[in-house]
Amino acid sequence: MAKDDVLTPQAVDFPRWYQDVLAKAELADNGPVRGTMVIRPYGYAIWERMQSQLDDRIKATGAQNAYFPLFIPESYFRREAEHVEGFSPELAVVTHGGGKKLEEPVVVRPTSETIIDSFLAKWVQSYRDLPLLVNQWANVVRWELRPRLFLRTTEFLWQEGHTAHATQEEAHRYALQILREVYEDFMVRVLAIPVVVGRKTERERFAGATTTWTAEAMMRDGKALQMGTSHELGQNFAKVFGISFSDESGQQAYAWQTSWGASTRLMGALIMAHGDDAGLRLPPSLAPVQAVVVAVRTEDGVGETAERLVAELRSAGLRAELDTRTQLSFGRRVVGWELKGVPIRVEMGPRDLAAGTAVLYRRDDGTKSPVALPSLVEEVKRLTEVAQASLLDQARQRLENCTVPAATLEEAVEAAQAGFAALPAALIEGGAGEDRLNTAGVTVRALQRPDGTLPGPDESLAGLVAVAARAY
RNA sequence: CGGGAAGUAGCGCAGCUUGGUUAGCGCGCAGCGUUCGGGACGCUGAGGCCGGGGGUUCAAAUCCCCCCUUCCCGACCA
């Protein structure tokens, strides 16, 4: 009866499993140009929920959305030395337009610091104009040598925030506010993915930033994934783009800036942090379908009851869907819903109807239980909350289990084969230690204080912990 | 961009070594019937520029060259 595996098992070949899920859960396809991606409707529905949750949090920090051009004069990139050095290798450059060679090539934005800052320079005159907080939702292009759907594509979707502040302290606080109240909160409460937040090492920080803050998550194959970053840019860009203002005493001063972003890579994280051998497991907060009512049959009132249940679930505010495709076998249908990660399945058949019950299946733990019809809506509601918490718990458990202290670089390399290695950051002072890790395919993902709190921007490595891992 | 593997129906594959009539198989898809509580079964049927372009040959999915794309490992990165 049962066929072969629905998907390549994770333990057999994790990358293959990932490919299988993308295809079978109808999330995404490769585009015809290397590194490009088609996000299919089901995948995009998940992304839209991510966007909306992030957008609310971004706006709650006071930032407003705006839109800046896709094309940026190449010369803009040359103005900030580290920035141009960091991005040159991955720029897509347009040299022709309207059938003619362009006087100055234009770059397809890989990130928008340069173009946005050139406008912030016009808009900021006085300390009264500050802080100036803008965000944009956009596509960006970074020519990738080794693309992977959602994780690293040449074109991807993201939000990028760009801000200007009167003081370094305020920029610092805002960068951390984004890290904590936007990214970490979203990742934990919505994605149900626990993250390691910390500071990036000098070599891992954003090109042109003075400090980069990061939120890193652990995937089920033991590799880490950077989920979002928040940068303090100091006055580097303000000086080259002329973002200056009169302060309260009438003195001219350069603004202090931040920038921060999170991308469609979050989709990859969602898939790889929660997915199992049966497919996706979506947290109810993001699931396009939170509960599917599967009618085993449709005759003798079963179909009508199923329909009524969907209506009740919907009027209770749940995203519910009806499945009456009885021309397909029951098994095929449930396998399909499991592939797509639907958190709760309600099974309604003649036996249930006779007993006045329905069977509830939880995708997060695979358990089934009967429920009396009158309390079905309340129970489904409750289970969506339980499932949301359960996915987070499971991910937390895995994170704890695979985070191992290491006393030496060799121990760290060893521990990083299966998760996070926590080593004394003193070991990587000077760069030789990081070289050693990098040679073994391991990178320092984040620096933290021993108690897990965030270090200061300039706090020396001596007393910190470096969290290292193999990473995507 | 280096090293490996691979592109044949929507998906997974055989055929290629040793060129030779209408290019196969499984799944899926369509129709009909029997089924129906964890990927049902039978019958009938549709679906292919054999990744693209050049060559060699009487003849190319098959041999040669170039390009594109995908996957794995490395260097570079959200």
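Below, chain A is the first sequence line, B the second, and so on; all start at residue 1. Not measured: the values here are computed from a predicted model.
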- Note on the structure: Partner of G37(B) under the Watson-Crick or G-U wobble criteria, both distances under 3.5 Å, comes out as none
- Round to a whole Å and report the spacing from CZ of R203(A) to C1' of A75(B). 14 Å
- Task: For C27(B) and G39(B), measure between their C1' atoms and round to the nearest Å.
- Result: 11 Å
- Query: Do R281(A) and R362(A) have side chains that get closer than 4.5 Å, going by heavy atoms?
  - Reply: no
- Query: Which nucleotide in the set G37(B), C73(B), A75(B) lies at the smallest distance from any side-chain heavy atom of D352(A)?
  - Reply: G37(B)
- Item | For atom CG of N438(A) and atom P of G74(B), their distance in whole Å | 13 Å
- Message: I'd like to know if the side chain of Q136(A) pairs up with that of S112(A) as donor and acceptor (distance under 3.5 Å, no hydrogens or angles considered).
- Response: yes
- P atom, C64(B) versus G19(B): distance in rounded Å? 12 Å
- If the P atom of G10(B) is compared with that of U57(B), how far apart are they to the nearest Å? 34 Å
- Find the partner of G42(B): check Watson-Crick (N1-N3 plus N6-O4 or O6-N4) and G-U wobble (N1-O2, O6-N3) distances, both under 3.5 Å, and reply none if neither fits. C32(B)
- Query: Atom CG of D323(A) to atom P of G37(B): distance rounded to whole Å?
  - Reply: 14 Å
- Query: Reckon L225(A) touches a base, only the sugar-phosphate, or nothing at all at heavy-atom distances under 4.0 Å?
  - Reply: nothing
- Name the nucleic acid region contacted by V359(A), choosing base, sugar-phosphate or nothing; use a 4.0 angstrom heavy-atom cut-off, strictly under. base
- According to a strict under-4.0 Å criterion, is Q19(A) in side-chain N/O contact with OP1 or OP2 of U70(B)? no
- Message: Could you tell me the Watson-Crick or G-U partner of U21(B), where both distances fall under 3.5 Å? Say none if there is no partner.
- Response: none
- Message: Using Watson-Crick or G-U wobble geometry with both distances under 3.5 Å, which nucleotide pairs with C50(B)?
- Response: none
- Query: Considering every strand shown, what is the Watson-Crick or G-U wobble mate of C1(B) when both distances are under 3.5 Å?
  - Reply: G74(B)
- Task: In whole angstrom, give me the gap between the P atoms of G15(B) and A9(B).
- Result: 15 Å
- Query: Any idea which of G38(B), U70(B), G37(B) is nearest the N30(A) side chain?
  - Reply: U70(B)
- Determine the Euclidean distance between corresponding C1' atoms of C76(B) and A14(B); express it in Å to zero decimal places. 39 Å
- R363(A) NZ/CZ over Y361(A) ring centroid, <6.0 Å and within 45° of normal: no
- Query: Just how far, in rounded Å, is P of C76(B) from CD of E144(A)?
  - Reply: 13 Å
- Message: Heavy atoms from C-beta onward define the side chain here; which of C36(B), C29(B), G38(B) lies closest to that of L328(A)?
- Response: C29(B)
- Query: Checking all strands, does R34(A) fall into the base, sugar-phosphate, or nothing category for heavy-atom contacts under 4.0 angstrom?
  - Reply: sugar-phosphate
- Message: Any base atoms under 4.0 Å from G268(A), or only sugar-phosphate, or nothing? Heavy atoms, all strands.
- Response: nothing
- Could you say whether T229(A) or T326(A) is positioned toward the 5' end of RNA chain B, judged by the nucleotide with the nearest heavy atom to each? T326(A)
- Item | Out of A78(B), G37(B), G38(B), whichever nucleotide has its closest atom nearest the side chain of K368(A) | G38(B)
- Kindly compute the distance separating CD1 (I193(A)) from CZ (R396(A)), expressed to the nearest 0.5 Å. 12.0 Å
- Message: Applying a 4.0 Å non-hydrogen cut-off, can you work out what P350(A) is touching in the nucleic acid: base, sugar-phosphate, or nothing?
- Response: base
- Note on the structure: Rounded to whole Å, CG of D221(A) lies from P of C73(B) at a distance of 10 Å
- If the P atom of U18(B) is compared with that of C29(B), how far apart are they to the nearest Å? 41 Å
- Item | Between W158(A) and N139(A), a side-chain donor and acceptor under 3.5 Å | no
- Message: For a quick check under 3.5 Å, do H231(A) and T212(A) share a side-chain donor-acceptor pair by atom type?
- Response: yes
- Complementary nucleotide of G26(B), counting Watson-Crick and G-U pairs under 3.5 Å: C11(B)
- Indicate, with a heavy-atom threshold strictly under 4.0 Å, whether T264(A) touches base, sugar-phosphate, or nothing. nothing
- Note on the structure: Taken to the nearest whole Å, CZ/F330(A) to P/C41(B) is 18 Å
- Looking at every strand, decide which applies to Y361(A) at a 4.0 Å heavy-atom threshold: base, sugar-phosphate, or nothing. base
- For A40(B), take OP1 and OP2 only and decide whether either is under 4.0 Å from a side-chain N or O of S329(A). yes
- Considering only side-chain heavy atoms of V296(A), which listed nucleotide, A78(B), C72(B), G37(B), is closest? G37(B)
- Message: I'd like the C1' distance from A60(B) over to A23(B), given in whole Å.
- Response: 13 Å
- May I ask you to check if K200(A) and F206(A) form a cation-pi contact, with NZ or CZ under 6.0 angstrom from the six-membered ring centre and within 45° of the axis? no
- Check every strand shown and say whether G349(A) touches a base, only sugar-phosphate, or nothing at a heavy-atom separation below 4.0 Å. base
- Message: What's F156(A) touching, base or sugar-phosphate or nothing? Going by heavy atoms closer than 4.0 Å.
- Response: base
- Message: Taking the nucleotide of RNA chain B with the nearest heavy atom to each, does V33(A) or F150(A) sit closer to the 5' end?
- Response: V33(A)
- Message: Could you check whether Q448(A) and R199(A), counting side-chain N and O atoms only, form a donor-acceptor pair closer than 3.5 Å?
- Response: no
- Once you round it to whole Å, what is the distance between P of G7(B) and CG of D29(A)? 19 Å
- Message: In terms of relative ring orientation, are F237(A) and H83(A) parallel, tilted or perpendicular, with 30° and 60° separating the classes?
- Response: perpendicular
- Task: Tell which nucleotide pairs with U69(B), taking only Watson-Crick or G-U wobble pairs whose two distances are both under 3.5 angstrom.
- Result: A6(B)
- For the side chain of R16(A), counting heavy atoms from C-beta on, which of C72(B), A78(B), G12(B) is nearest? G12(B)
- Message: Using Watson-Crick or G-U wobble geometry with both distances under 3.5 Å, which nucleotide pairs with U56(B)?
- Response: none
- Query: If you check the R332(A) side chain, which of A40(B), U69(B), A78(B) turns out closest?
  - Reply: A40(B)
- Message: At less than 3.5 Å, do the side-chain atoms of R146(A) and the base atoms of G2(B) form a donor-acceptor pair?
- Response: no
- Rounded to whole Å, the CG-C1' distance (D20(A) to C11(B)) equals 10 Å
- Are R148(A) and C77(B) close enough that a side-chain N or O sits under 4.0 Å from OP1 or OP2? no
- Is R57(A) positioned over the aromatic face of F186(A), cation under 6.0 angstrom from the ring centre and no more than 45 degrees off axis? no
- Item | Between C36(B) and A5(B) - C1' atom distance, rounded Å | 44 Å
- Task: Answer yes or no: does a side-chain N or O of R142(A) lie under 4.0 Å from OP1 or OP2 of A78(B)?
- Result: no
- Query: What is the nucleic acid contact for E347(A), judged by heavy atoms within less than 4.0 Å: base, sugar-phosphate only, or nothing?
  - Reply: base
